[in-house]
Amino acid sequence: MNHRTESVEMHLTPEAVERIGMGGEPADAEARHLQSCTRCRHEVAELGSLQVRLAALVRLAPPSGFADRVMARVQLPTPMWIRALDGVRAHRMRTAAVVATLVAAITGTLSWLTAYPQVTPGTMTSLLWERGTGLLWQGVLSIGRVAYDSGLFTVLEAFRADLNAWSAVGALATLALVGSASLWMLMRLMELSPRTIRWGTERIG
Amino acid sequence: MDYSEQTDKELVRLSRRGDERAARELVHRFERPVYSIVYRMVRDRELAEDLAQDAFVRTFNHLDRYDSRYKFSSWLFKIAYNLTVDHLRKRELQTISVHGAPDAVTQERQEATSLTLQSDEESPDDRLVAKELAGELEDAIAGLREDYRTAILLRHVEGRPYEEIAEIMDIPLGTVKTYIFRARRELREALSASYGDADD
């Protein structure tokens, strides 16, 4: 209902006055009412006149170079996963080649496995476990052997024998310094844009 | 990609991914509305630029907090409005004439705080008439309370619906309606002479 009761007369609601005053089309009943009611016609005309004058106010332009000054201060967010995703999108062919190779390898392995009925998921798991732990143990032994051969244990043993407060503080300070520097380097690398990283790797390569 | 054809939502999505050109397009799209509102609240060009700049910078630097269910422009206006109101409250700046701030004692200061009403499409004569008419209107707007002023500008100049104004100003819908009703009444009273001319 677009009319309000006041005394005996039915006038337009404030919503209807607003809508028509702001340039909206009146409904048939509203148009009929406006023809006969001076008060509503005056309200609509007053609002319309104000609307026209206000809407004509100039949208002031900021001083030139405003956008540049804003952009110089803006730090747009660039999460790591988005950069990685961009990298994938930028190298679609390479990504497609890697995915195709993986799919081919998995499909080939599966079809090879199905050719041997004695190979079940259980036998495969136990084989993989056996081989995996064997490889891991071999790796640990190799590292140990290299460390022993390099004389690292001799150095550590000598260090332990000479350990005092000053050497401990010195060792800790060196570790803290090297650790902080590595962390700082890592953080800086994470901030680099993909374009800069590409530029750097091209120069190194 | 033609950024000028993208929607605000799409430009925000691209900006969130670090696309500077998308962010720049958003700045171009909203620099006039934001600057105009801020300027009409503080009536000082330099201050208005600083506040409008801060509003954009804060908006873009906190894009991760933007809820895309709402309009980007509402969020931007809300930040600009809050910054301006905070500033006005701190400085207790008073509403001033179209001819310059009342504390503007030097010519330079008067020029900095006076209102420039120029439009590329207008002839010099048109500009003169527009300045006279708009000067009266600008004075009337400047005479309004700051919350009435913001509400009426958002409604009539920017064409924002009541619900959005309530969101921007962080006040109930009923209060927005009251502010706009009272602002219109005060403007009508201030402009009653020219209304009489218009009716004839």
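Both backbone and side-chain heavy atoms feed into the values below; hydrogens, waters and symmetry mates do not. Sequence lines set the chain letters: A, B, ... in the order given, protein chains first and strands last, and positions in each chain run from 1.
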Could you check if a side-chain atom of [X] sits within less than 4.5 angstrom of a side-chain atom of [Y], using non-hydrogen atoms only?
X       : Y        : result
B:Val27 : A:Val74  : no
A:Glu46 : B:Arg185 : no
B:Arg24 : A:Val70  : no

Pairwise ring pair (Phe, Tyr, Trp, His ring centres under 6.0 Å) hits with a residue in residues 156-191 of chain B, at least two apart: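 Of all non-adjacent pairs touching residues 156-191 of chain B, those that pass ring pair (Phe, Tyr, Trp, His ring centres under 6.0 Å) are B:Tyr148-B:Tyr179.
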Shortest non-hydrogen separation from A:Leu60 to B:Ser36 and the atoms involved: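 Closest approach of A:Leu60 to B:Ser36, heavy atoms only: N-OG, 2.6 Å.
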Nearest heavy atoms of A:Val58 and B:Arg40, plus distance in Å: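 The answer is O-NH2, 2.8 Å.
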Crowding at CZ, A:Arg73 (>12 non-hydrogen neighbours, <6.0 Å):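 Result for CZ/A:Arg73: enclosed.
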Could you measure the distance from the [atom1] atom of [X] to the [atom2] atom of [Y]? Nearest 0.5 Å is fine.
X        : Y        : atom1 : atom2 : value
A:Leu50  : B:Ile152 : CG    : CD1   : 6.0 Å
A:Phe66  : B:His28  : CZ    : NE2   : 10.5 Å
B:Ile141 : A:Leu57  : CD1   : CG    : 4.5 Å
A:Leu76  : B:Asp19  : CG    : CG    : 8.0 Å

Salt bridge B:Arg155-A:Glu18, side-chain N to carboxylate O under 4.0 Å: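 Looking at A:Glu18 together with B:Arg155, the answer is yes, because their closest N to O distance falls below 4.0 Å.
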Region of B:Asn61 in contact with chain A, defined by heavy-atom distances below 4.5 Å: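 The answer is both parts of B:Asn61.
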Residue-level interface, residues 49-59 of chain B with chain A, non-hydrogen cut-off under 4.5 Å: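 Counting heavy atoms that sit under 4.5 Å from chain A, the residues of residues 49-59 of chain B involved are B:Glu49, B:Ala52, B:Gln53, B:Asp54, B:Phe56, B:Val57.
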Donor-acceptor under 3.5 Å (A:Arg59 side chain, B:Pro33 main chain):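 Checked: no pair found.
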